Every structure is written in C-alpha cells, then in structure tokens.
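Note that the structure is a prediction, hence the values are computed from the model and not measured.
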Amino acid sequence: MSKIQMTGSFQWMKTLNKSTILNTIRLHSPISRAEIAKKTKLTPPTVTNIVTELIKANLVRESKVGTSQGGRKPILLTINDQHSFIVGIDVGGHIVRAVVTDLNATIKAKCELELPKQLTNDLLLETITEAVGAVIEESKVGKEKVIGIGIGMHGIVDHMKGVAVFAPNFHLSDIPIKDTVEQHFQIPTFVENDVRALALGEAWFGNGQGIDSVICINIGVGIGAGIILNNELYHGQNGIAGEFGHMIVDINGKPCSCGSYGCLQTIAGGGVLRERALQSERNTMLLEKADHNPDALDGALIYQCAQEGDDFSMQLLAETGRAIGVGVTNVINLINPTRIIVGGGVAKAGDFVLGPLREVVKQRALTSEARETEIIQSKLGDDGTVIGAATLVLKDLFSPQVS
C-alpha cells in the first residue's frame, strides 16, 4: 500500500469513526464517552479525541453529569441540534412545500408555493429554487447555517445523480434538480423519490423507529411505497423499487399516467376516489356539502361525510381500502416486512380505509403470521415527506459511509 493510499485510508477511517460516534450520540443522547466506546467498540482514546473535535466544532455539547459507576461521575454528551439547519422540500402534485429544520428534524419555518398549471422542466426548477430561498429567508437562520437541502420528488428518481427521470403526474422527464439547486445555492443537495423520503423520515423520527424491515405506502393523487430493508432504503437495480401504484391489477384496465393499463392507482388513487363520487347518483350529500361545485369535492370532503354517517362516502373509502389491501397483500407475500406504515391524503380517513385494508390482508396473506402484519398510520402526517427530505441530509451527516 502506497503512502497516498495509507493516508486516504486513515482519513476514511477517521470520517467513518466520526460518523459512528455522532450517530451513537444522536441515538442514545445523553451518553457518556465510556458508553460511546462500549457501544461502538472504539478505544476510549479514539472516542475522547473525536469527541473533543466535535465539541470544538460546536456539533456536540456536554450537557450534564451522569450517575457514577464507582469512579468520577461521567459528563454526558448530546448533539447541538441548533448547530446547523436543513431545508426539506416536498414537490407535491399541486404545491411545493418547504421547511427549515434543526438537526433533530424539528421544523423551524414553513412555506408553500403553488405550481404553475402548465409545467415545464424550467418552471418546476424555478418554483423549487424559489421555495428554497423563501423558506431560508422565513427561517432567519442565515444561508451560511444551512448544511444541506433534501428534496422529495414523485416518480422515478435517480438519487445518485439527483435527476427526476420521469414525473408522470407532470408528464415531465430528465429534470436536473440536484445540479440546478446546488448551482443556485452552493449547498449540497440530495434528491429522492418522495415516498422513499417519507419512509426514511418515518424510520428515523416516526413509526418506523427501531424496525429494520418496514414499508411505507403513500396514498394520494398517486400511490407509492418506500421500502426499508436491514435499515437501508432499497432502490432496486434501476431505481424503480417501490412503484406500488404501478402494480398491474387488471391487465385490461384503465390507462394510467405511466402509459400502462390497469395499474393499482387507476382504481385506488385519490383522483379515482373523486371521479367515482362525481359519477355516482348517490352523491347527494357530497354535492350539497360541496355547494354543487365539483372542484370542491375531494377526499377530505368524502371523509367528512363518512364521519357524518353518509353510507355512500363510507362505501367509497372502503372500496379504496380493499383495493389497496390487495396490493399490500401482494407486497407482504413478496417481501414480508415487520410493519407497514400508511400515509398520504387518503390515509387520513383512518379506519374507513385501513379497516377494509386490514380485512383483505387477514383474508388473503399467505400464512397466519403474515396475516397479522402490523399496518398503522404515518406518525409524521402532512409533514412526513418534508421531514423525510431533511432526513436525507441527516443520513449523510450521521450515518457511517462504508463506500
């Protein structure tokens, strides 16, 4: 091994150890240096030296004195969550939502911008950069304190290049999000599929904490899934793992925005729910609540009417739940996760959707254990994707990089 290679290896190990220690403090805070050494299997001098560097950098701080185990009382360490800040972006079907968070993913500022009706790649990129600038200004933290920008984008995303390969809801392709945002702000930018970002957010801060195998399903205008296996996001060979809504359930079915036919989201997406409501002769209560304005009839209104006892609204939501349940059953039989988390606008209907969904799984999953797979709502709710987008940056900061 050459001297250059040895030097490079030393620097790599130092970075790896630093990330390992940072993440250990994040997960087990407040924690002593001795406990860090025990959990990481690093030597006490290594831990002491790296912690000293982190304290000097103001990324870690000494918080309080712990309980003595027979000697001097240990000084406990925590992450200085106000050291730096992160921008998280959710590119939705109609709006771009932006937040600034601290290092604990606590939201400090929010803003929303409507997307233009007739979108082009350039208009979308302009809206995203405008949203980033607006939320940084709103937060008053100062651009120099922002260490990264995370962006959750629907459709097929090349997360390595930060390119939206295909955005079916916008009918756009090859959008260079990472390069554009980094050139504009000179801040490291991470781009990921929106539901994968949501899954990562749930794994770090929501209902996926402490579980190494979890699938997060988002039911909105489209339907997607983020898959976490062995505590890592799974992308698949070509980056399309998790395109749950494009599971074909009827080979002769309706055309889908992806160009195929009979995809799950053609029978269970939020847009289909609204379409069925408008087409039915049983929609009297819904139309009255909407003041006979078809544009005001949406999933939230259907849920409201279901809560007020409207049989037709309850039936609509149950049908959606059963359709999603078929897809979830297939995923359980294929991947066998520990837990399934359901988020998105349609999931806000709670047991009106999740009850029928669980019933299908209980009837159709392959084994008795699989039929009992835990299926719960997202903990992060409307903020799930923006927190997940911020977590893309946190993952890069805290997770040891082995490659």
Could you give the side-chain donor-acceptor pairs of residues 344-357 under 3.5 Å, partners two or more places apart or in another chain?
| unit_1 | atom_1 | unit_2 | atom_2 | d |
| --- | --- | --- | --- | --- |
| Lys348 | NZ | Asp382 | OD1 | 2.8 |
| Lys348 | NZ | Asp382 | OD2 | 3.2 |
| Asp351 | OD1 | Arg358 | NH1 | 3.2 |

Please tabulate, for the side chains in residues 26-35, all donor-acceptor contacts under 3.5 angstrom to protein atoms that are two or more places apart in sequence or on a different chain.
| unit_1 | atom_1 | unit_2 | atom_2 | d |
| --- | --- | --- | --- | --- |
| Arg26 | NE | Asn23 | OD1 | 2.9 |
| Arg26 | NH2 | Asn23 | OD1 | 3.2 |
| Ser32 | OG | Glu35 | N | 3.1 |
| Arg33 | NH2 | Glu62 | OE2 | 2.8 |
| Glu35 | OE2 | Lys38 | NZ | 3.4 |

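Legend: residues meeting salt bridge (Lys or Arg N to Asp or Glu O under 4.0 Å) with Glu182, ordered by chain and number and at least two apart, are Lys178. Under the salt bridge (Lys or Arg N to Asp or Glu O under 4.0 Å) criterion, Glu144 pairs with no residue, sequence neighbours left out. Applying the salt bridge (Lys or Arg N to Asp or Glu O under 4.0 Å) test to Glu359 and every residue at least two apart in sequence or in another chain returns nothing. Legend: residues meeting side chain to side chain contact (heavy atoms under 4.5 Å, CB included) with Asn283, ordered by chain and number and at least two apart, are Leu286, Leu287, Phe312. Residues satisfying the salt bridge (Lys or Arg N to Asp or Glu O under 4.0 Å) test with Lys110, not counting sequence neighbours, are Asp383.
Here the side chains of Val328 and Val361 are in contact, with some heavy-atom distance below 4.5 Å. Side-chain contact between His94 and Glu114: absent, with no pair of heavy atoms (C-beta onward) separated by less than 4.5 Å. The closest side-chain heavy-atom distance from Leu392 to Leu394 is not below 4.5 Å. Side-chain contact between Asn121 and Leu123: absent, with no pair of heavy atoms (C-beta onward) separated by less than 4.5 Å.
The salt bridge (Lys or Arg N to Asp or Glu O under 4.0 Å) pairs that include a residue from residues 320-340 are Arg339-Glu374, where partners are two or more places apart or lie in different chains. Legend: salt bridge (Lys or Arg N to Asp or Glu O under 4.0 Å) pairs involving residues 116-128, not counting sequence neighbours: none detected. Applying the salt bridge (Lys or Arg N to Asp or Glu O under 4.0 Å) test to pairs two or more places apart or on separate chains, those with a residue in residues 252-267 are Lys254-Glu275. Listed by first and then second residue, the salt bridge (Lys or Arg N to Asp or Glu O under 4.0 Å) pairs involving residues 147-156 amount to none (not counting sequence neighbours). For the ring pair (Phe, Tyr, Trp, His ring centres under 6.0 Å) condition, the pairs that include at least one residue of residues 122-160, sequence neighbours left out, are His154-Phe170, His159-His235.
Between the side chains of Arg371 and Gln363, no donor N or O sits under 3.5 Å from an acceptor N or O.
No salt bridge links Glu138 with Lys108; every basic N to acidic carboxylate O contact stays at or beyond 4.0 Å.
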>> I'd like to know whether Asp102 forms a side chain to side chain donor-acceptor pair (under 3.5 Å) with Gln82, so could you lay out the CA-CA distance, the side-chain angles of the two residues, the decisive distance to 0.1 Å, and finally the verdict.
In response: CA-CA 6 Å; Asp102 64 19; Gln82 304 301 302; 3.0 Å; yes

